[in-house]
Enquirer: 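Quick one: this structure, given as structure tokens, is what I'll be asking you about.
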Number of protein chains: 2
Amino acid sequence: MASTPDLQPGSAQAVYAALRRRFSDGAYAPGQRLTEMALAADLGVSRTPVREAIGRLLTDGLVVPAARGVAVAALSPIEAEHLFVLRADLEALAAELAARRQAQGHLAPAEVDALDRAVDEVEVAVRAHDPRASAQANLALHRAIGAAAGNTFLEETLHRVWDRIAVTTVANLDDPHWAGAITEQHQAIVRAIRAGDAEAARRAAKAHIEAAGRAYKPLT
Amino acid sequence: MASTPDLQPGSAQAVYAALRRRFSDGAYAPGQRLTEMALAADLGVSRTPVREAIGRLLTDGLVVPAARGVAVAALSPIEAEHLFVLRADLEALAAELAARRQAQGHLAPAEVDALDRAVDEVEVAVRAHDPRASAQANLALHRAIGAAAGNTFLEETLHRVWDRIAVTTVANLDDPHWAGAITEQHQAIVRAIRAGDAEAARRAAKAHIEAAGRAYKPLT
DNA sequence: TTGACATACTTTGCATGCAATGCATACCGT
DNA sequence: ACGGTATGCATTGCATGCAAAGTATGTCAA
């Protein structure tokens, strides 16, 4: 857990961003306790901004009140299932909207090409059996689709869901069965978006996330 | 804006809850500036917990950074449209899940009956041309459907979306055209849930929110 | 009359201080 | 030896203090 090179004092927002980033990177283990004093020392700021950031993480659901302060939120199997149900629907909507924008010419060709490249990059990382790179490339692709949907609120909601899952996800992408299927599913989504087929895009995205949910195995 | 009868000191969470509640009630006008000093005086606490609460409201998107502190977030027409697109999909999912639970016998009969009663209460309020009661009853019905879906994360996300819309929604339920249609649409959703027809529930809910989006007229 | 500039003030932002709370630990009694 | 209790410590939670930044206002000059 390399300590961040001391944020300059003038940045309470930065503390939250830094913490959020760490969660997104899966830097914290579920159940781990966080003390504001330790974080303050680690980030080189006083307790006040840290305290503020922790408050935000509480409403994000990324941490929960614990005996002494807060603990990194875990994800029970049932919660994980619920989260994936929501995520499947949201990503289905994102793919649908992206396809619709493509059909109406609102999507820049460069953006669509970027999706294809992102699919390739996931495949490369998965083939290389690099779990960390795989997870990162995979997230990048899904983020790109989210952006292509052109709906700020949807995008923000997706980020919340992803971060919530990221806490317990290391990389399940090493499952050979799943590794073989992932590229095909990604291609199906992007192909439908490129074709401007909203219905197909929705179905493909939904099926993909549902498959991901089945492949999901929590960390602990 | 009746000032809250001084929260007992021992409650920073309560400050956030109180503010969140005010937003949900539409107590603040879009663009209105909030100063932490004024809020602190109003709530009878110091600036620190207020500051923390405002930070959370920032991540909620309910307030935005402004010249002097923060201002109540407004909703541009394009943002409103995006929000309703997301909301339509989320409520469609909620109705679908509720219907599925009903089909599997996981939904208590009392809960389904409560939905019918909620529909009636909305109709009564709308017929009485009581905008405030109408909005409240309407929200109660949608909340009940959200709860019936049995998915915490979906429910929480819906609350975020509702609160974000509530800021600018007074009550568009006075539109006679809309008033005539709303009960019918509500009934269609609840009927489908009762029948355990997930697909019909989804379609009905989606259509209902899309209609609500068309009827939506912001405050300013 | 209007525009620009300087000044003062309001307000935020962070750090620290102080009190309260809850847990761990060690000690004592049985 | 075991259980209960008391004490001390780690840590939170809120209030206040101090410095910085940006804004509004008033004044002066053109």
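Since we're looking at a predicted model, the values are computed, not measured. Each chain gets a letter, A, B and so on, in the order its sequence line appears, and its residues count up from 1.
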Enquirer: Using atom CG of A/L58 as one end and atom P of D/dT12 as the other, report the distance to the nearest whole Å.
Expert: 12 Å

Enquirer: Taking the basic N atoms (NZ, or NE/NH1/NH2) and the acidic carboxylate oxygens, is any pair closer than 4.0 Å for A/R214 and A/E210?
Expert: no

Enquirer: Hey, is the side chain of B/R51 poking within less than 4.0 Å of OP1 or OP2 on C/dT11, counting only N and O atoms?
Expert: no

Enquirer: If you check every side-chain atom of B/P49, which of D/dG13, C/dT11, D/dA15 has the closest atom?
Expert: D/dA15

Enquirer: Within this structure, what is the CD-to-C1' distance between B/E36 and D/dA15, rounded to whole angstrom?
Expert: 13 Å

Enquirer: Quickly work out the A/Q13 CD to C/dT12 P distance and round it to whole Å.
Expert: 16 Å

Enquirer: Quickly work out the B/L43 CG to D/dG13 P distance and round it to whole Å.
Expert: 18 Å

Enquirer: Using a strict cut-off of less than 4.0 Å between a Lys/Arg side-chain nitrogen and an Asp/Glu carboxylate oxygen, indicate whether B/R56 and B/E52 qualify as a salt bridge.
Expert: yes

Enquirer: Please state how far atom CE in B/M37 lies from atom P in C/dC9, giving the value in whole angstrom units.
Expert: 15 Å

Enquirer: With a 6.0 Å cut-off on the ring centroids, do A/H142 and A/H159 count as close?
Expert: no

Enquirer: Using a cut-off of under 3.5 Å, enumerate the N/O to N/O pairs linking the protein to nucleotides 16-18 of chain C.
Expert:
{"from": "C/dT16", "atom 1": "O4", "to": "A/T48", "atom 2": "OG1", "distance (Å)": "3.2"}

Enquirer: Which atom pair, heavy atoms only, marks the closest approach of B/A53 to B/L19?
Expert: CB-CD1, 3.9 Å

Enquirer: Would you kindly give the CD1-to-P distance between B/I54 and C/dC14, to the nearest whole Å?
Expert: 13 Å

Enquirer: Taking the inter-plane angle between the rings of A/H208 and A/H186 on a 0 to 90° scale, is it parallel (under 30°), tilted (30 to 60°) or perpendicular (over 60°)?
Expert: perpendicular

Enquirer: Tell me whether A/R100 is salt-bridged to A/E96, with the criterion being a basic N under 4.0 Å from an acidic carboxylate O.
Expert: yes

Enquirer: Measure CD/A/E52 against P/C/dA15 and give the value in whole Å, please.
Expert: 11 Å

